[in-house]
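Written below as structure tokens is the structure these notes are about.
By convention here, the first residue in the shown sequence is residue 1. No experiment lies behind these values; they were computed from the predicted model shown.
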Amino acid sequence: MSTFQADSQQLILALSKGRIFEDTLPLLEAAGITVTENPETSRKLILPTNDPDVRVLIVRATDVPTYVQHGAADFGVAGKDVLLEHGGEGLYQPIDLHIAECRMSVAVRNGFDYDTAVRQGARLRVATKFVETARAHFAKKGVHVDLIKLYGSMELAPLVGLSDAIVDVVSTGGTLRANDLKEVEAIMDISSRLIVNQAALKMKRERLQPIIEAFERASKK
Ligand code: PRT
Ligand code: MG
């Protein structure tokens, strides 16, 4: 009988469905790894690959660092936004993969005068999933904020008076425009990173190192 606990030969990769999974597939291909089931159609949460020793866990984007930190996955791919909130404990971050690129921004309703509110020292109500990033940003600016933690659909908060502003990731800006919001401040550029469990890096270096190198070469193109 075998348990799921990874042995020294096996590699477990944690990915989230959607853009990170799709953008990681070509990097895996560059390392000779093909995922043989599609997470959009399969109900499986553990996906096989062409390599019997490599499996892929499908988890929520925000849970990827947690699986890797605790060694339930040996490595994973996570956005810088998610890593900043997690804190990065127990994680080695060897490379920026330059995938799922976007930016972290402050946005408000079209009629809201953000610059004046900030200049006048108003206390701003800010709704966000990214409370650590938002806290650090406004502290650096010396702006007093009440942070309201949300888990999604941040764009709604200013529309219904829950907050004055949101801090969210933006790529095309289409969602902000569709909801009568405008970007008033860019906080930082975001991309996804390869993360590796620190113990796995030591114990499974022979298996991990070629994959890290293949990812690095493929992501530079
Ligand atoms: O969706 P779920 O709640 O499960 O989690 P998630 O949103 O964290 O996961 P996912 O898969 O949507 O995003 C994974 C990672 O992709 C994030 O951690 C970011 O690093 C990165 N990324 C890149 C983005 C975007 N681009 C992006 N546009 N994450 C989210 N968005 C959202 C954005 O907030 C907006 O609501 O997508 C919507 C559309 O964006 P626009 O600007 O193109 O309209
Ligand atoms: Mg999402």
Ion pair present between [X] and [Y], side-chain N to carboxylate O less than 4.0 angstrom?
{"X": "Asp53", "Y": "Lys204", "value": "no"}
{"X": "Arg103", "Y": "Asp189", "value": "no"}
{"X": "Arg19", "Y": "Glu22", "value": "no"}
{"X": "Arg125", "Y": "Asp146", "value": "no"}

Shortest non-hydrogen contact from [X] to [Y]?
{"X": "Glu101", "Y": "Ser191", "value": "CG-CB, 3.8 Å"}
{"X": "Pro158", "Y": "Arg109", "value": "O-CD, 3.7 Å"}
{"X": "Pro65", "Y": "Ala61", "value": "CD-O, 3.8 Å"}
{"X": "Val170", "Y": "Ser105", "value": "CG2-CB, 4.0 Å"}
{"X": "Glu85", "Y": "Glu132", "value": "OE1-N, 3.0 Å"}
{"X": "Ala218", "Y": "Ala30", "value": "CB-CB, 3.6 Å"}

Count the heavy atoms belonging to other residues, nucleotides or ligands that lie under 6.0 Å from [atom1] of [X], then report whether that count exceeds 12.
{"X": "Phe215", "atom1": "CZ", "result": "yes"}
{"X": "Lys149", "atom1": "NZ", "result": "yes"}
{"X": "Arg43", "atom1": "CZ", "result": "no"}
{"X": "Glu206", "atom1": "CD", "result": "no"}

Nearest-0.5 Å distance, [atom1] of residue [X] to [atom2] of residue [Y]:
{"X": "Leu57", "Y": "Leu45", "atom1": "CG", "atom2": "CG", "answer": "8.5 Å"}
{"X": "Leu27", "Y": "Arg217", "atom1": "CG", "atom2": "CZ", "answer": "11.5 Å"}
{"X": "Arg193", "Y": "Ile99", "atom1": "CZ", "atom2": "CD1", "answer": "10.5 Å"}
{"X": "Glu183", "Y": "Leu181", "atom1": "CD", "atom2": "CG", "answer": "10.5 Å"}
{"X": "Ile33", "Y": "Leu11", "atom1": "CD1", "atom2": "CG", "answer": "7.5 Å"}
{"X": "Ile58", "Y": "Glu40", "atom1": "CD1", "atom2": "CD", "answer": "8.5 Å"}

Looking at [X] and [Y], would you say the former's side chain and the latter's main chain have a donor-acceptor pair under 3.5 Å?
{"X": "Asn50", "Y": "Thr34", "answer": "yes"}
{"X": "Ser42", "Y": "Pro39", "answer": "no"}
{"X": "Thr36", "Y": "Pro48", "answer": "yes"}
{"X": "Asp23", "Y": "Ala100", "answer": "yes"}

Single-linkage hydrophobic cluster, 4.5 Å side-chain cutoff, [X] and [Y] together:
{"X": "Val82", "Y": "Leu150", "value": "no"}
{"X": "Val169", "Y": "Leu97", "value": "no"}
{"X": "Ile20", "Y": "Met104", "value": "no"}
{"X": "Ile95", "Y": "Ile190", "value": "no"}

Report yes if the side chains of [X] and [Y] come closer than 4.5 Å at any heavy-atom pair, otherwise no.
{"X": "Thr128", "Y": "Ile166", "answer": "no"}
{"X": "Val54", "Y": "Leu28", "answer": "no"}
{"X": "Asn197", "Y": "Tyr92", "answer": "no"}
{"X": "Arg55", "Y": "Leu13", "answer": "no"}
{"X": "Leu201", "Y": "Ile212", "answer": "yes"}
{"X": "Leu91", "Y": "Leu83", "answer": "yes"}
{"X": "Val35", "Y": "Leu25", "answer": "yes"}
{"X": "Lys182", "Y": "Leu176", "answer": "no"}

message: What I want to check is whether the side chains of Glu155 and Thr175 have a donor and an acceptor closer together than 3.5 Å.
response: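 No.
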
message: Could you walk me through whether Ile187 and Phe130 satisfy the side-chain contact (heavy atoms from CB on, under 4.5 Å) test, starting with their C-alpha distance in whole Å, then the side-chain angles of each, then the deciding distance to 0.1 Å, before giving a yes or no?
response: CA-CA 12 Å; Ile187 300 178; Phe130 308 102; over 6 Å; no

Option passing side chain to side chain contact (heavy atoms under 4.5 Å, CB included) with His86 (candidates Thr66, Ile195, Val68):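 Testing each of Thr66, Ile195, Val68 against His86, the sole residue satisfying side chain to side chain contact (heavy atoms under 4.5 Å, CB included) is Thr66.
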
message: Working note: Leu162 + Leu156, criterion side-chain contact (heavy atoms from CB on, under 4.5 Å); need CA distance, chi angles, decisive distance, verdict.
response: CA-CA 8 Å; Leu162 177 63; Leu156 191 57; over 6 Å; no

message: Quick one, Lys129 with Asp168, criterion side-chain contact (heavy atoms from CB on, under 4.5 Å). Give me CA distance, side-chain angles, the key distance, then yes/no.
response: CA-CA 7 Å; Lys129 179 159 107 171; Asp168 194 6; 5.9 Å; no

task: Decide yes or no on side-chain contact (heavy atoms from CB on, under 4.5 Å) for Tyr151 and Thr62, but give the supporting numbers first.
output: CA-CA 10 Å; Tyr151 292 86; Thr62 44; over 6 Å; no

field: Any residue meeting side chain to side chain contact (heavy atoms under 4.5 Å, CB included) with Leu84, in chain and number order, not counting sequence neighbours
entry: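 With neighbours one apart ignored, the set is Lys80, Thr133, Met188.
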
